[in-house]
*Asks:* 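Sharing a structure, written as structure tokens. Questions coming.
Values reported hereafter were calculated over all heavy atoms of this structure, with side chains retained and with hydrogens, waters and symmetry mates removed.
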Amino acid sequence: MAFAALALGSCTTEPQPQPLNIDNQLTSEEISAAQFTPEVMWKMGRLASASLSPDASKALYAITRYNMAENRGLSQIYVRDMATGNEVALTDNTSNNNDPQWSADGSKIYFTSNRSGSMQLWQMAADGSSAKQITNVEGGIEGYGVAATGDKMFYVKKVHAADTKSSDRHKDMDKSKARIYDDLMARHWDYWDEGDYSHIFVADLTADGVNNDKDIIGEKSAWDAPLAPYFDTAEIAWSNDGKKLAYTCKPLTGAAYAVSTDSDIFIYNTEDGSTLNINKIKTNAGMRIMEFVGYDRYPVWSPDDKQLAFCSMATPGYESDKDRLFVYDIASQQHTDLSLDFDHSATNVIWKDSKTLYFLSPIEGTQQVCKVSTDNAKVEVITSGDHDIASMSIAGDKCLTTLMTISRDKELYDVNLVDGKLTQISNINAHVYDNVKMGKVEKRWIKTTDGKQMLTWVILPPNFDPAKKYPTLLYCEGGPQSVVSQGWSYRWNFQLMASQGYVVVAPNRRGCPSFGSEWREQISGDYSGQNIQDYLAAIDEVAKEPWCDKEHLGCVGASYGGYSVYYLAGNHDNRFKAFISHCGIFNFESMYGETEELFFINHDYGGNYWDKSNAIAQRSYANSPHKFVQKWNTPILIITGEFDFRIPYTQSLQAFTAARLMGVDARLVEFENEAHQVFKPQNSMVWNREFFGWLDKYLKK
């Protein structure tokens, strides 16, 4: 069906948002204790990405804060004067307000808000006055973008493109709860496929509102744009003249969708309604100009609209391949790889002018600002230091970033694009940092069993005393191709672990990006191999320290890290006295039949379990953690979410059953309203209580 915007004067039955009381000041007891606790952590404000006004005089951003008793949070929009540092809240706590964006001339701010019931697009003056609703789309919108010309916009919303429910197919059985599928994927990430997909709508934006809405994906197209499961509107970009919209899409269905990462960049022309796939262009002779068979995402137009930059992965079915930085020339239809001689990924790409691009890249356990020119494709790393730059905005010669470390959540920083100097310009969580003590973070390079050097972060407890003995935790990273960086986490927070009296050992074992392609790619097909030895090399090296209580070592991790915990539980030579696995893979064979994005395990396991001729795959399945349960002898806490369809909760149930039948002390914590991660405030508090309660019970005896 086509969804036209409704008249703003029409009545609505949407529930009205409830104000949220936010009082996140620390109590006198918390200040006196000076300890970083889960309760203190949930009193922190969470900064989203920030953007500079076109004249670079102001910064625009949203901050989310939570109320634990109400089990919910709320986002408010702020503007900061870059010269004076004066910060003004443009919205209050009566509704959720997100994704603020400047108009091209800086006179207006667009944002999404649920103040009228559902999430809709609003606009206000740059000082926060004259707020008015722009869209009134049935069911609300999931994202938006306004063209620089101000006369067009896109929005993203769900459309019903396929019949998968009994009530769709059997109209006389409207109370039936059956779902009916003839092909993959029946479910994805944390939701069942009920025939609803995110589509991009292009519309005219006038003084009277939005009209001439058009679903440019196609009303019966049973796929998502932007891509599931993250639905990131950064995958969509207006040309500067407002005539073309570039977007990411993977127009596949069924089993083909489940085994493929082949997304492409499409350009929709608003003038004639045509669509061009720039990654599947052929010559007049019918030959492909260049093969693009992996993920192609995040298009960004050059200022003159003559070029389109985008990120591209070369390997089909490999979701963690190097993100190359390509530029597509509109006139010649030629593609150029600007990162050919740069062995790291490119993200958050920004054109400064029609020849110069800036981007972020993970490099040796950090994330830095980089620069490249279309003239020579030579990448220059601009910033340095032990930090993660999470987002970046450039206006003129000014660069605004959000920066975080293991010890501090995101804050606003100014970056000098000439020398890379960083200057902090916000202190959103001063009320926390000024009143609690954080532990020292050590950067170590540890020799692996095959003679390589591995970056390992070691986080010490606050008030560390080298004359004392400390229980020590080996942290196993998820992914498996994700970096153990200087990022701050509200789920697996190293400083939170250290504040409870634990030393944390966090190695960038084989498979972790930011150390080159060879290091990242080695883990695929070798889950039980070198990366496990990397883990043990890290904990064994730290265990040599006189302050390490090597009789009380623990091992914790989630996702791939949860798999690592299960595997080590049967292969640790009695090193560890306690394990914690969150949403880990336990049984490789059942995992293959239970998960949804089959491209992931096809690549990382090496293939399916029934292909006996596939030596790599058969080695993977032969080393599944469930085949070592007979050696389990150490207490284990197992945590999972009922809506986790990536690593289904049944994996955790299998592990818990095996542990108890083996007579191992075990506990299962299952969240009925969480998926692969735990996000809800009170669930997080329960998670932390169970997590530290388990560690304290077995490692602080």
*Asks:* Would you indicate whether Lys627, at its atom NZ, is surrounded by more than 12 heavy atoms from other residues, nucleotides or ligands within a distance under 6.0 Å?
*Replies:* yes
*Asks:* Check the angle between the aromatic planes of Phe515 and Trp519 and answer parallel, tilted or perpendicular using the 30° and 60° thresholds.
*Replies:*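 The arrangement is tilted - the two ring planes meet at 30° to 60°.
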*Asks:* Is the distance between the ring centroids of Tyr566 and Tyr563 less than 6.0 Å?
*Replies:*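 When the ring centroids of Tyr566 and Tyr563 are compared, they turn out to be at least 6.0 Å apart.
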*Asks:* How would you list, by chain and number, every residue that makes a side chain to side chain donor-acceptor pair (under 3.5 Å) with Ser482, sequence neighbours excluded?
*Replies:*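 With neighbours one apart ignored, the set is Glu477.
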*Asks:* I'd like to know whether CD1 of Ile616 has more than 12 heavy-atom contacts from other residues, nucleotides or ligands below 6.0 angstrom.
*Replies:*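 No, because the 6.0 Å sphere around CD1 of Ile616 holds 12 heavy atoms or fewer from other groups.
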*Asks:* Determine which pairs satisfy salt bridge (charged side-chain N to carboxylate O under 4.0 Å, His left out) with at least one residue from residues 607-624, sequence neighbours left out, and list them in order.
*Replies:* Asp526-Arg619
*Asks:* Answer with yes or no whether the side chains of Tyr527 and Asp604 bring together a donor and an acceptor at under 3.5 Å.
*Replies:*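 Per modelled atom types, Asp604 and Tyr527 side chains form a pair under 3.5 Å.
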*Asks:* Checking side-chain polar atoms at under 3.5 Å, does Asp665 have a donor or acceptor matched by the opposite partner on Tyr698?
*Replies:*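 Looking only at side-chain atoms, Tyr698 and Asp665 do form a donor-acceptor pair, the distance falling under 3.5 Å.
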*Asks:* Salt bridge check, Glu319 against Arg646: does any charged N sit closer than 4.0 Å to a carboxylate O?
*Replies:* no
*Asks:* What distance do Asn429 atom CG and Asn24 atom CG have between them, rounded to the nearest 0.5 Å?
*Replies:* 9.0 Å
*Asks:* Applying side chain to side chain donor-acceptor pair (under 3.5 Å), name anything that partners Glu521, two or more places apart in sequence or on another chain.
*Replies:* none
*Asks:* Excluding sequence neighbours, so at least two apart, what forms side-chain contact (heavy atoms from CB on, under 4.5 Å) with Thr261?
*Replies:*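 Testing Thr261 for side-chain contact (heavy atoms from CB on, under 4.5 Å), a comparison that skips the adjacent residues, returns Tyr295, Phe599.
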*Asks:* Which salt bridge (charged side-chain N to carboxylate O under 4.0 Å, His left out) pairs, counting each pair once, include a residue from residues 447-470, with sequence neighbours left out?
*Replies:*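 The answer is Asp450-Arg510.
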*Asks:* Distance from Ser624 atom OG to Tyr567 atom OH, nearest 0.5 Å?
*Replies:*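 Here the interatomic distance stands at 10.0 Å.
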*Asks:* Under the side-chain contact (heavy atoms from CB on, under 4.5 Å) test, which residues partner Pro546, sequence neighbours left out?
*Replies:* none
*Asks:* Judged by modelled atom types alone, do Thr383 and Gln368 share a side-chain donor-acceptor pair under 3.5 Å?
*Replies:* yes
*Asks:* Would you compute the distance between atom CG of Asp343 and atom NZ of Lys322 and round it to the nearest 0.5 angstrom?
*Replies:*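 Output value for this atom pair is 6.0 Å.
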*Asks:* Mind listing the side-chain donor-acceptor pairs of residues 39-47 below 3.5 Å, one per line with the distance, residues two or more places apart or on another chain?
*Replies:*
residue	atom	partner	partner atom	Å
Glu39	OE1	Thr37	OG1	3.4
Trp42	NE1	Ser684	OG	2.9
Lys43	NZ	Gln25	O	3.3
Lys43	NZ	Glu30	OE1	2.9

*Asks:* Who passes side chain to side chain donor-acceptor pair (under 3.5 Å) against Trp488, sequence neighbours left out?
*Replies:* none
*Asks:* Tell me, please, which residues at least two apart from Tyr649 pass side-chain contact (heavy atoms from CB on, under 4.5 Å).
*Replies:* Thr640, Glu642, Leu653
*Asks:* I need the full list of salt bridge (charged side-chain N to carboxylate O under 4.0 Å, His left out) pairs touching residues 679-696, with sequence neighbours left out, sorted by first then second residue.
*Replies:* Arg667-Glu690, Asp696-Lys700
*Asks:* Decide if the gap between the ring center of Phe579 and the ring center of Trp632 is smaller than 6.0 angstrom.
*Replies:* no
*Asks:* In chain order, what residues pass the side-chain contact (heavy atoms from CB on, under 4.5 Å) check against Asn602, with sequence neighbours excluded?
*Replies:*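 Expected list: Val259, Tyr592, Leu598.
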*Asks:* Taking side chain to side chain donor-acceptor pair (under 3.5 Å) as the definition, give me every residue that meets it alongside Thr449, ordered by chain and number, with sequence neighbours left out.
*Replies:* Gln530
*Asks:* Dump the intermediate steps for side chain to side chain contact (heavy atoms under 4.5 Å, CB included) on Phe588 and His626, then the final yes or no.
*Replies:* CA-CA 8 Å; Phe588 277 21; His626 81 283; 5.8 Å; no
*Asks:* Begin from the C-alpha positions of His582 and Trp687 and carry the test side chain to side chain donor-acceptor pair (under 3.5 Å) through to its verdict.
*Replies:* CA-CA 10 Å; His582 177 113; Trp687 188 98; 3.1 Å; yes
*Asks:* Does any non-hydrogen side-chain atom of Leu26 lie less than 4.5 Å from one of His431?
*Replies:*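 Sidechains of Leu26 and His431: in contact.
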*Asks:* Between Gln651 and Ser590, is there a side-chain donor-acceptor contact under 3.5 Å, judged purely by atom types and distance?
*Replies:*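 There is such a pair between these side chains.
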*Asks:* Tell me whether Glu518 at atom CD has more than 12 heavy atoms from other residues, nucleotides or ligands lying less than 6.0 Å away.
*Replies:*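 Counting other residues, nucleotides and ligands, CD of Glu518 stays at 12 neighbours or fewer.
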*Asks:* Is Arg520 salt-bridged to Asp321, going by a charged N under 4.0 Å from an acidic O?
*Replies:* yes
